[in-house]
Amino acid sequence: VPMAEAHVRQGRLPRAGEIARSAIAAGATDANIVRIAAGADIAGGQYARALEVLAARLASAPDDADTQWLAVHALFASAI
């Protein structure tokens, strides 16, 4: 998570997303890493990919308000 967060802070969202997706593929379930991956996807216009990651997180933590917000953002952005 720290490497992905550092890239976010430096404005390198594509790289942050790559790191986050690699961590998820390796089994990471941390909410922040999921949000970084989804946020990078949303910023890059990859709404469906963001929603896949977010849906998996929401299946295990349906009350996660931050993840719910990102899902709504991805849905809205994909519709306009």
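Closest non-hydrogen pair, Ile24 versus Val34, comes out as CD1-CA, 4.0 Å. When all heavy atoms of Leu51 and Ala71 are compared, the closest pair comes out as CD2-O, 3.7 Å. Across Ala16 and Ile36, no two heavy atoms sit closer than the pair O-CG2, 3.8 Å. Pairing each heavy atom of Ile42 with each of Leu70, the nearest pair is CD1-O, 3.7 Å. Nearest heavy atoms, Ala40 versus Gly17: CB-CA, 3.6 Å.
Counting only residues at least two apart or in different chains, side-chain hydrogen bond (donor to acceptor under 3.5 Å, both in side chains) contacts with residues 68-80 are absent. Annotation: ring pair (Phe, Tyr, Trp, His ring centres under 6.0 Å) contacts involving residues 10-43, sequence neighbours excluded, are absent. Each salt bridge (Lys or Arg N to Asp or Glu O under 4.0 Å) pair with one or both residues in residues 51-60, not counting sequence neighbours, appears once here: Arg57-Asp64. Listed by first and then second residue, the ring pair (Phe, Tyr, Trp, His ring centres under 6.0 Å) pairs involving residues 20-67 amount to none (not counting sequence neighbours).
For the side chain to side chain contact (heavy atoms under 4.5 Å, CB included) test, residues two or more places apart in sequence or in another chain that qualify with Arg49 are Arg21, Asp41, Gln46. Not counting sequence neighbours, the partners of Ala28 by the side chain to side chain contact (heavy atoms under 4.5 Å, CB included) test are Ala23, Ile33.
Note: Glu5 CD to Asn32 CG = 5.5 Å, rounded to the nearest 0.5 Å.
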